[in-house]
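Reading through the structure tokens given below for one structure.
Owing to the predicted nature of the structure, the values given are computational and were not obtained by experimental measurement. Residue numbers start from 1 in every chain, and the chains themselves are labelled A, B, ... in the order their sequence lines are given, proteins ahead of strands.
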Protein chains: 2
Amino acid sequence: MKHLIIDDAMRLLPNWQEAFPEVGVVSRQQAMHDEPQVNAMYWLRLGVEEFPAQVISSLPQPGKLVVLADEPREVNVLESLTAGALGCCNTHAAPEVLRQVEIVVGNGGLWVGQSLLQQVLVSTSRVLESKARDLPGEDWKSQLSEREVGVARLVAAGESNKEIAAELAITERTVKAHLTAIFDKLQVRDRLQLSLRVNGLKL
Amino acid sequence: MKHLIIDDAMRLLPNWQEAFPEVGVVSRQQAMHDEPQVNAMYWLRLGVEEFPAQVISSLPQPGKLVVLADEPREVNVLESLTAGALGCCNTHAAPEVLRQVEIVVGNGGLWVGQSLLQQVLVSTSRVLESKARDLPGEDWKSQLSEREVGVARLVAAGESNKEIAAELAITERTVKAHLTAIFDKLQVRDRLQLSLRVNGLKL
DNA sequence: GTGGCTATTGCACCAAAGTACAACCCAAGA
DNA sequence: TCTTGGGTTGTACTTTGGTGCAATAGCCAC
């Protein structure tokens, strides 16, 4: 695996050389004009105030791209991944970490740092916990028929009965019938509470 | 790093031996009674219908534990992590993947599969993005009066107008008045969409 | 076939949600 | 003082949501 750092200042940090002795450096201009190499991994160094999505979208899509940020904030990490990067880590990460990233990304995985992962887990904990309560089959889905699950999802997305009816090509009356059944099975009283349940915010 | 598989059937799959030639196998009974080895990594093989949390909690807490599931579903992965495991992957994963897991977990990381990670990221991205938008004060709260924020919160929690009225010691009519104002300011059409907005699930 | 489950729909009805128009009180400012 | 904005409420109205009762139809298992 060949490694290429994309950095306008053409800097080459010691931790990089230690991790990948044969690492190369190119400017963004070069990266933009050269044809992307399939067997290479690109490491894009971002400035502190830059927006990952903008920079990434201005580059041609190489096979494997990892973003290097001086002060990676969670938002940036997400933005990077959304824009197509396969990972995002600290510019000054230890060589072992860099090699770890290489392995994971090289095998088709996504790499995110532990801190982000924990943050993600924390901020999703409500959802996750409710999902985890799946165990005894207390999942909302398990108690509903296939059709009912579909209706419940649309309701939870904020659609009206009329809209749902149109979308599913059935009568509004039928939608109501499904809802009545759902309310009964899930022991909720109206569509809003159903929404909270489906979105994992309650019970 | 020493590797030990915990499997009552004492099976030893080829992919395991390929990944870790010196891998050993013990039953759950043994694992339960032997004192846990600090420098070892434990790989717990789970049956299809078993609940990770139950099994894990029945074992002594070894330093590093990874769960192996035949058909890992997201829920199981989450449950495993919650119960203290550092990762969860497919029993029949390729040797490269297994070594990858070893590296990440060995370095103090958590390992989750790509599919789960994407799921988690998807379900969190909305929340984080809305958090990111916090900065410029584009928060839903900023557009509402103090009283309206209170009403919006209760609505988002699933309460009815009548309940909100009782709770705030005002008339149901007043609640409606506030809601009409809120809908207008936030450009949503009903209480459910307001709920989605307040709970950071939409827009 | 028969019974049970799901999906579908109609009609009628009630309750809750939401709107339109208007009024009153009160506090903070110009 | 007069104005402005938030909070409050009333009457009357429309719309949407939700239920009860009932009917039809397809599918699957016993």
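At D:dG7, one or more side-chain N or O atoms of B:Ser145 fall inside 4.0 Å of OP1 or OP2 (strictly under the cut-off). Close to C:dA16, at under 4.0 Å from its OP1 or OP2, lies no side-chain N or O of B:Ser160. Side-chain N/O atoms of B:Arg147 include none lying less than 4.0 angstrom from OP1 or OP2 on D:dG7. Using a 4.0 Å cut-off, no side-chain N or O of A:Asn161 falls inside it from OP1 or OP2 of D:dT16.
When distances run from any side-chain atom of B:Leu179 to the nucleotides C:dA17, C:dG18, D:dT19, the shortest one goes to C:dG18. Ranking D:dT19, C:dT9, D:dG18 by closeness to the A:Ile170 side chain, first place goes to C:dT9. Here D:dT19 is the nucleotide among D:dT19, D:dG18, D:dG7 with the atom lying nearest to any side-chain atom of A:Thr180. Among C:dA17, C:dG18, C:dA7, the nucleotide with an atom closest to any side-chain atom of A:His178 is C:dA7. For A:Thr171, whose side chain is taken as the heavy atoms from C-beta onward, the closest listed nucleotide among C:dT9, D:dT19, D:dG7 is C:dT9.
At the heavy-atom level, B:Thr174 lies under 4.0 Å from base atoms of the strands shown. No engagement by B:Ala181 is indicated, since no non-hydrogen atom pair under 4.0 Å with the nucleic acid exists. Residue-level contact check: B:Arg189 touches neither bases nor backbone, having no heavy atom under 4.0 Å from any strand.
Rounded to whole Å, atom C1' of D:dG7 lies 18 Å from atom NZ of B:Lys176. Residue A:Glu146 contributes atom CD, which lies 18 Å from atom P of C:dC5 at whole-angstrom precision. Here the C1' atom of nucleotide D:dG17 and the CD atom of B:Gln193 are 15 Å apart, to the nearest Å. Residue A:Lys162 contributes atom NZ, which lies 10 Å from atom P of D:dT15 at whole-angstrom precision. Rounding to whole angstrom units, CD1 of residue B:Ile182 and C1' of D:dG7 are separated by 13 Å. Atom CG in A:Asp184 sits roughly 12 Å away from atom P in C:dT6 (whole-Å rounding). Summarising the geometry, the separation between CD on A:Glu172 and P on C:dA7 is reported as 19 Å, rounded to the nearest angstrom. Taking atom CD of A:Glu163 as the reference point, atom P of D:dT15 lies 16 Å away to the nearest angstrom.
Taking a cutoff of 4.0 Å between a charged side-chain nitrogen and a carboxylate oxygen, B:Glu167 and B:Arg153 do not qualify as a salt bridge. With salt bridges taken as basic N to acidic carboxylate O contacts below 4.0 Å, one links B:Arg189 and A:Glu163.
Remark: the B:Arg173 side chain and the D:dT11 base include a donor-acceptor N/O pair separated by less than 3.5 Å.
The closest side-chain donor-acceptor pair between A:Arg191 and A:Asn161 falls under 3.5 angstrom. With no hydrogens or angles considered, a side-chain donor-acceptor pair links B:His3 and B:Glu102 at under 3.5 Å.
Residues A:Leu13 and A:Arg45 form a side-chain contact, since some pair of their non-hydrogen atoms from C-beta on lies under 4.5 Å apart.
Comparing B:Asp190 and B:Lys185 along DNA chain D, the residue whose closest nucleotide (by nearest heavy atom) sits nearer the 5' end is B:Lys185.
The environment of NZ in A:Lys162 is sparse: at most 12 heavy-atom neighbours from other residues, nucleotides or ligands sit within 6.0 Å.
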